[in-house]
Colleague: 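Below is one structure. I have some questions about it.
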Amino acid sequence: GGLRYLEHYEFTLVRKALQEREVLLRAAPHIIWPLRFVMPHDAGQRPAWMIRAGLFLYDHLARRELLPGSKAIHLRRHVAGQPLKPYLERGFVYSDAWVQDARLVVLNAMDAAARGATIRTQTALVDAARGPVQWTLALAAAAAGRAPESVAARAVVNAAGPWVASLLGDVLHAGSEKAVRLVKGSHIVVRRIFDHAYAYIFQNPDGRIIFAIPFEDEYTLIGTTDIEYAGDPAKVAIDAAEVSYLCAMASRYFIAPLKPEDVVWSYSGVRPLLDDEAANAARVTRDYSLELDTRAAPLLSVFGGKLTTYRKLAEEAMDKLAPLLGGTKATWTATVPLPGGDLPQADFELFFRTVKQRYPWLPAALAWRYARNYGSRISLLLDSAKGSAALGDEIFAGMYEAEAHYLVRHEFARTADDILWRRTRLGLGAPPGARERLQGWIAAREPASVEAA
């Protein structure tokens with residue numbers, strides 16, 4: 001929901017995000033679930049009254065039906081206080097939601113494909129010619145030796161994120177008065193620091209905040225940073241200073257100090273933020289702006305945005321484009337579940353009980369992971385399986401052929417990294433050689449051209 005944006009007076013953005021949070025919790029309850037955050041009160045940081053005021057706004061800016069409200073807690077009497085330093089006595093708890101972000105992207109692509117879209121992974125737009133009513137576009141697949149394919153389009157949407165400006169100028173041959181500001185955000189993953197299900201939000205002396213979140217059962221995820229970035233977005237990576245910063249900030253709160261050598265994995269991304277000329281990278285708006293150019297065949301460019309409001313952004317984009325393309329259908333995505341999200345009463349726990357009853361032979365950990373990742377589409381993954389033999393060979397620990405087949409045939413997976421990191425997080429604990437074995441399996445058992453949906 002973006003509690004931290006209230007401090008920068010981003011009330012409209014936070015309200016929109018809170019509204020969308022409720023929508024998405026219903027649309028994909030298998031990959032999005034409630035998470036309670038604990039904010040320890042550090043007397044040297046923001047005063048308690050300010051935090052209470054912010055949490056009151058957070059609870060009331062939008063209608064809230066699925067999540068409990070905020071409250072004050074005594075950390076010495078609360079389970080969330082156990083891993084924290086003893087001087088931290090007061091705290092606050094509020095609700096937000098966790099999403100498996102890469103899977104959210106995949107589910108949207110799957111849903112689009114089911115409704116007639118053509119999905120082209122590993123494909124670049126390399127050239128564009130704009131006519132009065134039509135674009136002619138050259139698409140180049142990553143596969144070596146294949147010539148670019150020419151396609152026609154009545155409109156183009158430039159939603160290239162960090163590349164929105166370079167695509168506009170270098171490929172689409174158009175300009176814009178808007179710009180994006182590239183800000184790097186990095187995270188570290190360490191072995192599990194605490195055993196409870198709460199997450200933490202920590203205030204730091206530099207005015208920023210970081211999170212510490214339960215991650216993939218065995219780990220804790222800590223992030224993020226906000227650093228101006230001027231390099232190639234495809235080559236972004238965490239640096240030693242960021243690792244040290246995140247360890248130091250977390251160690252201000254946890255009894256057990258964190259050291260850089262405790263980090264088992266890290267990742268970085270580039271946020272393409274709408275440039276509002278803020279002096280501090282952390283204060284740059286997370287809202288978005290849509291720019292429609294109708295001087296010839298329509299071109300819609302997306303500047304900025306945050307994950308929580310992606311659906312609303314897309315809806316607003318279609319509101320702008322549909323009249324130009326003769327579209328008359330009313331908006332509908334707010335009430336339709338994403339693939340696998342059609343769970344009874346949008347209740348994952350209830351759904352998981354039926355999974356255990358239907359597949360009693362599935363190991364408990366595997367049943368949980370399949371249910372969490374695939375929701376109701378678990379039936380497609382397991383098809384008419386009656387026992388563990390139907391899972392096929394175990395390619396590496398936890399990855400069976402049935403799942404790999406499903407991901408390639410229905411979720412556009414083409415490489416081992418697609419499966420290990422973008423469809424699952426199994427890469428985090430995969431044994432040595434798992435990537436090579438999985439890539440070999442894909443090459444040997446799946447055709448070069450696979451079913452898209």
Side-chain angles (χ1 to χ4, degrees), residues 12-13 15-17 19-20 23-24 27-28 104-121 123-139 149-180 272-275 285-339 412 452-453:
T12 300
L13 171 64
R15 183 173 185 272
K16 193 186 307 181
Q19 290 170 333
E20 283 301 290
V23 171
L24 296 177
L104 182 63
V105 176
V106 173
L107 296 188
N108 276 270
M110 292 164 62
D111 192 62
R115 300 174 191 279
T118 299
I119 307 298
R120 299 287 182 87
T121 63
T123 301
L125 173 62
V126 294
D127 195 18
R130 188 182 192 182
V133 295
Q134 180 174 286
W135 288 86
T136 302
L137 309 166
L139 305 180
E149 177 187 0
S150 179
V151 298
R154 295 171 61 195
V156 167
V157 178
N158 175 11
W163 294 274
V164 61
S166 60
L167 191 68
L168 263 177
D170 299 341
V171 179
L172 297 170
H173 312 296
S176 172
E177 295 180 356
K178 293 186 175 66
V180 290
L273 305 181
L274 180 64
D275 192 354
T285 182
R286 266 55 174 180
D287 212 344
Y288 56 82
S289 179
L290 306 179
E291 183 176 80
L292 179 61
D293 177 353
T294 57
R295 289 172 292 181
L299 169 62
L300 179 69
S301 295
V302 179
F303 296 87
K306 67 191 296 283
L307 187 68
T308 313
T309 53
Y310 89 91
R311 189 204 65 84
K312 193 65 178 174
L313 185 159
E315 190 174 74
E316 291 178 20
M318 288 309 302
D319 286 344
K320 290 180 178 292
L321 280 176
L324 304 177
L325 303 176
T328 58
K329 187 172 182 178
T331 56
W332 53 271
T333 57
T335 58
V336 176
L338 287 165
F412 319 106

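Note: hydrogens, waters and symmetry copies are ignored here, and every other heavy atom, side chains too, is used. The chain is numbered in sequence order, starting from 1. All figures in this text were calculated on a predicted structure; none of them were measured in a lab.
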Colleague: If you look at every heavy atom in Val156 and Leu172, which pair is closest and at what distance?
Modeller: CG1-CD2, 4.2 Å

Colleague: Check each of Leu274, Asn158, Leu313, Val180 against Val302 using the side chain to side chain contact (heavy atoms under 4.5 Å, CB included) test, and report the only one that passes.
Modeller: Leu313

Colleague: Out of curiosity, Leu292 CG to Leu299 CG, how far, rounded to the nearest 0.5 Å?
Modeller: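 Those atoms lie 8.0 Å apart.
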
Colleague: If the condition is side chain to side chain contact (heavy atoms under 4.5 Å, CB included), which residues does Val105 pass it with, not counting sequence neighbours?
Modeller: none

Colleague: Report the distance from atom CG of Asn108 to atom CD1 of Ile119, rounding to the nearest 0.5 Å.
Modeller: 9.5 Å

Colleague: Scan side-chain atoms only and decide if Lys306 and Thr308 contain a donor-acceptor pair under the 3.5 Å cut-off.
Modeller: yes

Colleague: In chain order, what residues pass the side chain to side chain contact (heavy atoms under 4.5 Å, CB included) check against Arg115, with sequence neighbours excluded?
Modeller: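 Listed in chain order: Asp111, Trp332, Val336.
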
Colleague: Tell me whether Arg311 at atom CZ has more than 12 heavy atoms from other residues, nucleotides or ligands lying less than 6.0 Å away.
Modeller: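 It does: Arg311 CZ has more than 12 such atoms within range.
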
Colleague: When rounded to the nearest 0.5 angstrom, what is the spacing between OH in Tyr310 and OG1 in Thr333?
Modeller: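 These two atoms lie 7.5 Å from each other.
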
Colleague: Please report the interatomic distance CE(Met318) to CG(Leu300), rounded to the nearest 0.5 Å.
Modeller: 9.5 Å

Colleague: Keeping Arg130 on the side-chain end and Ala297 on the backbone end, is there a donor-acceptor pair under 3.5 Å?
Modeller: yes

Colleague: Determine the minimum heavy-atom distance between Pro272 and Pro162, stating which atoms define it.
Modeller: CB-N, 3.5 Å

Colleague: Return the CG to OG1 distance between Leu139 and Thr123, rounded to the nearest 0.5 Å.
Modeller: 7.0 Å

Colleague: Check side-chain hydrogen bond (donor to acceptor under 3.5 Å, both in side chains) between Tyr288 and all other residues, then give those that pass, not counting sequence neighbours.
Modeller: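 Listed in chain order: Lys16, Glu316.
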
Colleague: Counting N and O atoms only, with roles assigned by atom type, does the side chain of Arg154 sit under 3.5 Å from a partner on the main chain of Leu325, one being a donor and the other an acceptor?
Modeller: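 Indeed, once roles are kept as given, a pair shorter than 3.5 Å links the two residues.
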
Colleague: Applying side chain to side chain contact (heavy atoms under 4.5 Å, CB included), can you list everything that pairs with Ser150, at least two apart in sequence or on another chain?
Modeller: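 Partners of Ser150 under the side chain to side chain contact (heavy atoms under 4.5 Å, CB included) test: Thr136.
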
Colleague: Mind jotting down which residue pairs meet the salt bridge (charged side-chain N to carboxylate O under 4.0 Å, His left out) criterion with at least one end in residues 317-329? Sequence neighbours excluded, please.
Modeller: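 Listed once each, the pairs would be none.
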
Colleague: Distance-only, no hydrogens or angles: does the Trp135 side chain make a donor-acceptor pair with backbone N or O of Pro298 under 3.5 Å?
Modeller: yes

Colleague: Can you sort out the partners of Ala179 under side chain to side chain contact (heavy atoms under 4.5 Å, CB included), two or more places apart, ordered by chain and number?
Modeller: Asp275

Colleague: Nearest 0.5 Å, what's the CG-CG distance between Asp127 and Leu137?
Modeller: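 Interatomic distance, Asp127 CG to Leu137 CG, rounded to 0.5 Å: 9.0 Å.
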
Colleague: Please name the pair of heavy atoms, one in Gly131 and one in Ala296, separated by the smallest distance, quoted to 0.1 Å.
Modeller: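 Smallest heavy-atom distance, with atoms named: O-CB, 3.4 Å.
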
Colleague: Are the side chains of Leu125 and Trp163 in touch, meaning some heavy atoms are under 4.5 Å apart?
Modeller: no

Colleague: Which pair of non-hydrogen atoms, one from Glu177 and one from Glu291, has the smallest distance, and what is that distance?
Modeller: N-OE2, 4.1 Å

